[in-house]
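Note sheet for the following structure.
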Amino acid sequence: MQKISLVCQSKGKYNFNDGVYFHGWLMSQVSEEFADKMHQTGVNPVTIAVYGKKDEVIFSVALLTDEAVAEVAGMLMDDAFTSFSLKSTEQCDFKILRKVKENLKSKDLAQVFYQQDQAERLFQVNVMTPLAFKSNGTYYNLPDIRLFFQSIMKKYNAIFENTEHIDLDLLDEICSKVNLVNFRINSCRFYIHKAYINGFCGRLVFYCKGAETLANYVAMLLRFAEFSGVGVKTSLGMGSIVVNREENNG
């Protein structure tokens, strides 16, 4: 898996909804066969996030499969690729100031799961772009431990085991042993053209009181989720998270 972040000059006229238009632009750059796969049901192998930092706007693209890396990474990292334009955004033209690439291999996730040191138990999760869940045809826009970890487990299994079926007993154990001990969130709308989904951004703090193996499993899921995103519409820019490890070690 790879995550490529395009750090662009901002004129202060961007927002996380620009992920929808960046997705459209990206689909115009890849092969028609791959674009068709991106529109199929199931877990999307490409996730997008758009967020700001001072006078910069960052377009982050996570590629979850070898096929996605082969199709997209070379194009984004090409030295000749220095700018791009988006339609229907307030800031249409984006000059790339620098590119940041991060790799995440299955062995890296295994190392988190099998770590022998004292397991992390406190996890601060920063929700960078609006996060929402969908269950039984209904959208939910509040933190929910079951929906949160169920989403990540489904994405993880889809990428590594080619199935979205999950171990419900393990999910039940997570729900009984992991507490949401603190949160500070804001409700926000994510617009997809003329429609929108209500979601939330902010900070979630989880504490795992279970066995060390379970705590390591939770840590592994959260590390994976920094690439996969959480909840719905991650390929369009929703559900991007960052785990604050400095807080965990403090």
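Source: prediction; values computed, not measured. What you see below is based on every heavy atom in this structure, not just the backbone, and it leaves out hydrogens, waters and symmetry mates.
Judged by distance alone, the side chain of Lys99 and the main-chain N or O of Leu76 form a donor-acceptor pair under 3.5 Å. Using a distance-only test at 3.5 Å, with no hydrogens or angles considered, no donor-acceptor pair links the side chain of Lys155 to the main chain of Gln150. Listed for the Asp108 side chain is a donor-acceptor partner under 3.5 Å among the backbone atoms of Lys105. Listed for the Glu32 side chain is no donor-acceptor partner under 3.5 Å among the backbone atoms of Phe34.
When all heavy atoms of Phe227 and Met1 are compared, the closest pair comes out as CD2-CB, 4.1 Å. The two residues Ile58 and Ser5 make their nearest non-hydrogen contact at CG2-CB, 3.9 Å. The nearest pair of heavy atoms linking Lys95 to Ser83 is CA-CB, 4.1 Å. In plain terms, the two heavy atoms of Cys201 and Pro130 that are nearest each other are SG-N, 3.3 Å. Of all non-hydrogen atoms in Tyr21 and Lys87, the two that sit nearest each other are CD2-O, 3.3 Å.
Note: the hydrophobic cluster containing Leu142 also contains Ile241 (ILVMFWY, side chain heavy atoms under 4.5 Å, direct or indirect links). Linking ILVMFWY side-chain heavy atoms closer than 4.5 Å, directly or via other members, places Phe81 and Val30 in a single hydrophobic cluster. One hydrophobic cluster, built from ILVMFWY side chains closer than 4.5 Å, holds both Val218 and Phe183. Cluster membership check: Tyr191 does not share its hydrophobic cluster with Leu86, using side-chain heavy-atom separations under 4.5 Å among Ile, Leu, Val, Met, Phe, Trp and Tyr. If you chain together hydrophobic residues whose side chains sit under 4.5 Å apart, Met77 and Val61 fall into the same group.
Side-chain contact check for Lys233 versus Ile197: some heavy-atom pair is nearer than 4.5 Å. Proximity of Met38 to His23: side-chain heavy atoms (C-beta onward) are separated by under 4.5 Å at one or more points. Between Cys8 and Phe59, some side-chain heavy-atom pair lies under the 4.5 Å cut-off. At a threshold of 4.5 Å between non-hydrogen side-chain atoms, the residues Tyr217 and Val112 do not count as touching. Within the 4.5 Å cutoff, the side chain of Val46 has no heavy atoms near those of the Thr65 side chain. Residues Glu164 and Asn157 form no side-chain contact, since every pair of their non-hydrogen atoms from C-beta on lies 4.5 Å or further apart. Side-chain contact between Cys188 and Phe16: present, with at least one pair of heavy atoms (C-beta onward) separated by less than 4.5 Å. Looking at heavy atoms from C-beta onward, Val57 lies in side-chain contact with Val50 at the 4.5 angstrom threshold.
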Begin with the C-alpha distance, continue with both residues' side-chain angles, and end with the deciding distance and a verdict on salt bridge (Lys or Arg N to Asp or Glu O under 4.0 Å) for Glu102 and Arg223.
-> CA-CA 13 Å; Glu102 181 182 2; Arg223 178 64 178 129; 2.7 Å; yes

Could you check Leu131 against Met238 for side-chain contact (heavy atoms from CB on, under 4.5 Å), going step by step and ending with a plain yes or no?
-> CA-CA 6 Å; Leu131 194 161; Met238 293 187 70; over 6 Å; no

Do Lys209 and Asn179 pass the side-chain contact (heavy atoms from CB on, under 4.5 Å) test, and can you show the C-alpha distance, the side-chain angles, and the key distance before you say yes or no?
-> CA-CA 8 Å; Lys209 59 184 179 181; Asn179 294 329; 3.9 Å; yes

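Considering only residues two or more places apart in sequence or on other chains, Glu56 meets the salt bridge (Lys or Arg N to Asp or Glu O under 4.0 Å) condition with Arg98. Every residue meeting the ring pair (Phe, Tyr, Trp, His ring centres under 6.0 Å) condition with Phe206, not counting sequence neighbours, appears here in chain and number order: Phe148, Phe149. Checked against salt bridge (Lys or Arg N to Asp or Glu O under 4.0 Å), Glu212 has no partners two or more places apart in sequence or in another chain.
Stacking of Arg189 on the aromatic ring of Tyr196 is recorded, both the 6.0 Å distance cut-off and the 45° axial limit being met.
Atom-to-atom distance recorded for Asn141:CG and Ser187:OG is 7.0 Å, nearest 0.5 angstrom. Rounded to the nearest 0.5 Å, atoms CD (Glu226) and OG (Ser60) are 10.5 Å apart.
A donor and an acceptor atom, one from each side chain of Ser10 and Asp55, are nowhere located under 3.5 Å apart. Side-chain atoms of Asn103 and Gln2 include a donor-acceptor pair closer than 3.5 Å.
Ring pair Phe22/Phe94: centre-to-centre distance not below 6.0 Å. The six-membered or imidazole ring of Tyr140 lies away from that of Phe133, with a centre-to-centre distance of 6.0 Å or more.
Each of Leu222, Leu221, Ile152 was compared with Val230 under the side-chain contact (heavy atoms from CB on, under 4.5 Å) criterion, and only Ile152 meets it.
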